[in-house]
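It should be emphasised that the depicted structure is a prediction, and the values quoted were computed from it without experimental measurement.
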Amino acid sequence: MYVKFSQQLLNWYDDNGRDLPWRVKNYAGRQNIAPDPYHVWLSEIMLQQTVVATVKDYYAKFTQKWPNVQALATAQQDEVLTAWAGLGYYARARNLHKCAQYICSEFGGNFPNSETILLTLPGVGPYTAAAIAAIAFDLNANVVDGNIERIFSRVEKLEDELPAAKAKIYKIAKKYLPTARYGDYAQALMDLGTAICRPKNPKCDICPIAEFCVLAGAENVQNYPKKTPKKPKKQLKTNVFWVKNAKNDQVLLQKRPEKGLLGNMMEFPSSPWLPQKPAEVQAKNLGLITHIFTHIKLEMQVWEMAEPEFETLVNGGFEVNLSADKQWVKPNELDGFALPSLMQKVRKLAET
DNA sequence: AATCCGGGGAC
DNA sequence: GTCCCAGGATT
């Protein structure tokens, strides 16, 4: 039964699997050239909690700028963060850089072909270690991501709620593993989760494994997997300052702390982020920006100020988060800095 | 086991 | 507005 499951899935994948920049489709089955582990690793880190469409441009940029792991290891962290800016979850970029250096210093620039050793790399957890093992080295690894959790929770009509159900789903997925083409199989499941076994409105009528699925075609299939309700976001507010120098041709930019939210990324100075509305400022009001993080809804009141007035404001006891790492930058040169999306919004507002 | 950590596309 | 996406690190 499980043999037929993987066979039908792989047949579907051979005809319907997507062509992706980092993918060597069906290399185990057709003796195509093996994928570059560096490409597999880079794409998997970028794809953590991020959709394929978003990743494509960043993947192209990174592979062009840093064609191999040695090149990436030699880069400065600021360069890597600048290239990653806008992609989110910036610990991924810091760990990516750290991992590249680790691969070069400890493994001679070669990714280990062992799931257990891959798991020890910075930024590589259970999913990514299994994915690299299967996709880059065609090793028999149990690859379980959000798509695959959804598929197997439906196949066996699992009533347990995520995330507590993860361990049980992992064991279910293990039963269905094939005896060959491990990398293709993992990618086939993920493509199936995107194209057929979608969160809403799954296409059970054309699903290649519908005959093995308890919930195929059922009215309530999209209620699986069941999930524990999530907490509401904190609502925080702040003042953000677009501070211009005496010549009126540069703005004040600074580096955020190494750890925590947007760690080591660049920002325009802001007051502490608090639940209550921040105090009004005697300055030009540029407007209000709302930005949604994973666990925070942030409202930014943006003010334009000249440097002397800003200094007077700060010296007068108005609380502003200031970094030791400050610099003046021409607005049209901000592309060279690691600005996260919320700061790009501030920039756009100030420049228009 | 809970919480922190981005951003955007689909609906 | 809600959901969720090729999750990992930290506590």
Side-chain angles (χ1 to χ4, degrees), chain A residues 17-18 20-23 39-59 81 84-96 98-99 118-136 141-151 161-167 170 173 183 185-195 197-201 222-223 225-234 236 256-265 267 290-298 338-345:
Chain A
R18 289 176 292 177
L20 300 173
W22 49 85
R23 174 175 287 178
H39 291 167
V40 176
W41 164 71
L42 177 61
S43 64
E44 288 300 338
I45 301 299
M46 289 184 166
L47 286 162
Q48 289 168 4
Q49 294 293 289
T50 309
V51 293
V52 166
T54 302
V55 165
K56 280 184 176 170
D57 288 346
Y58 285 90
Y59 177 81
L81 289 177
W84 196 277
L87 195 53
Y89 283 153
Y90 298 99
R92 292 186 295 172
R94 301 193 299 271
N95 282 328
L96 184 87
K98 191 188 302 179
C99 182
L118 286 164
L119 191 54
T120 68
L121 302 175
V124 175
Y127 161 76
T128 305
I132 297 172
I135 298 170
N142 190 16
V143 182
V144 182
D145 75 325
N147 288 301
I148 297 172
E149 285 176 347
R150 182 171 59 255
I151 291 169
E161 293 182 333
L162 285 172
K166 280 179 180 292
Y170 185 87
Y185 174 81
Q187 294 176 92
L189 279 174
M190 292 190 275
D191 275 18
L192 188 81
T194 301
C197 198
R198 305 178 299 188
K200 304 206 169 161
N201 304 316
Q222 66 183 23
N223 296 337
K226 301 197 166 169
K227 304 197 170 185
T228 56
K230 52 185 70 171
K231 289 179 52 180
K233 297 182 193 301
K234 283 184 202 167
L236 300 178
R256 291 178 58 84
E258 181 179 3
K259 296 190 173 181
L261 185 69
L262 308 173
N264 273 354
M265 298 294 285
E267 68 174 5
T290 300
H291 188 80
I292 309 290
F293 294 103
T294 305
H295 58 297
I296 298 170
K297 178 183 177 186
L298 179 66
L339 284 183
S341 289
L342 79 166
M343 293 300 158
Q344 289 288 2
K345 289 182 186 175

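Annotation: ring-ring contact (aromatic ring centres under 6.0 Å, His included) contacts of A/Phe293 (sequence neighbours excluded): A/His291. For A/Pro122, the side-chain contact (heavy atoms from CB on, under 4.5 Å) test picks out A/Asn95, A/Lys98, A/Cys99, A/Tyr102, with sequence neighbours left out. Checked against side-chain contact (heavy atoms from CB on, under 4.5 Å), A/Pro257 has no partners two or more places apart in sequence or in another chain. A/Arg94 pairs by the salt bridge (charged side-chain N to carboxylate O under 4.0 Å, His left out) definition with nothing, not counting sequence neighbours. Considering only residues two or more places apart in sequence or on other chains, A/Lys234 meets the salt bridge (charged side-chain N to carboxylate O under 4.0 Å, His left out) condition with none of them. Residues that satisfy the side-chain contact (heavy atoms from CB on, under 4.5 Å) test with A/Leu20, not counting sequence neighbours, are A/Arg18, A/Trp22, A/Arg23, A/Val52, A/Lys56.
Taking atom C1' in both C/dG8 and B/dG9, one finds a spacing of 23 Å when rounded to whole Å. Rounded to whole Å, the separation between the C1' atoms of C/dA9 and B/dG8 comes to 23 Å. Taking atom C1' on both nucleotides, B/dT3 is separated from C/dA6 by 22 Å, rounded to a whole Å.
Residue contacts shown for A/Leu262 are limited to sugar-phosphate atoms, with no base heavy atom under 4.0 Å away. Among the protein residues, A/Gly263 comes within range of no part of the nucleic acid, since none of its heavy atoms lies under 4.0 Å from any strand.
Between chain A and DNA chain B, the heavy-atom contact criterion of under 4.0 Å yields a 5' to 3' nucleotide range of B/dT3 to B/dG8.
Nearer to the 5' terminus of DNA chain B, by closest-nucleotide assignment, is the contact made by A/Lys231 (compared with the other of A/Lys231 and A/Ile292). Nearer to the 5' terminus of DNA chain B, by closest-nucleotide assignment, is the contact made by A/Pro340 (compared with the other of A/Pro340 and A/Asn201).
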Counting primed atoms plus P, OP1 and OP2 as sugar-phosphate and everything else as base, spell out the protein contacts along nucleotides 2-11 of chain C at 4.0 Å heavy-atom distance: B, S or - for each nucleotide, 5' to 3'. --SBBBSS--

Show me the donor-acceptor pairs, under 3.5 Å and distance only, between side chains in residues 40-47 of chain A and residues at least two apart or in other chains.
| residue | atom | partner | partner atom | Å |
| --- | --- | --- | --- | --- |
| A/Ser43 | OG | A/His39 | O | 3.1 |
| A/Ser43 | OG | A/Val40 | O | 2.9 |
| A/Glu44 | OE1 | A/Tyr127 | OH | 2.7 |

Checking side chain to side chain contact (heavy atoms under 4.5 Å, CB included) for the pair A/Ile296/A/Lys233: CA distance, chi angles, key distance, verdict? CA-CA 5 Å; A/Ile296 298 170; A/Lys233 297 182 193 301; 5.8 Å; no

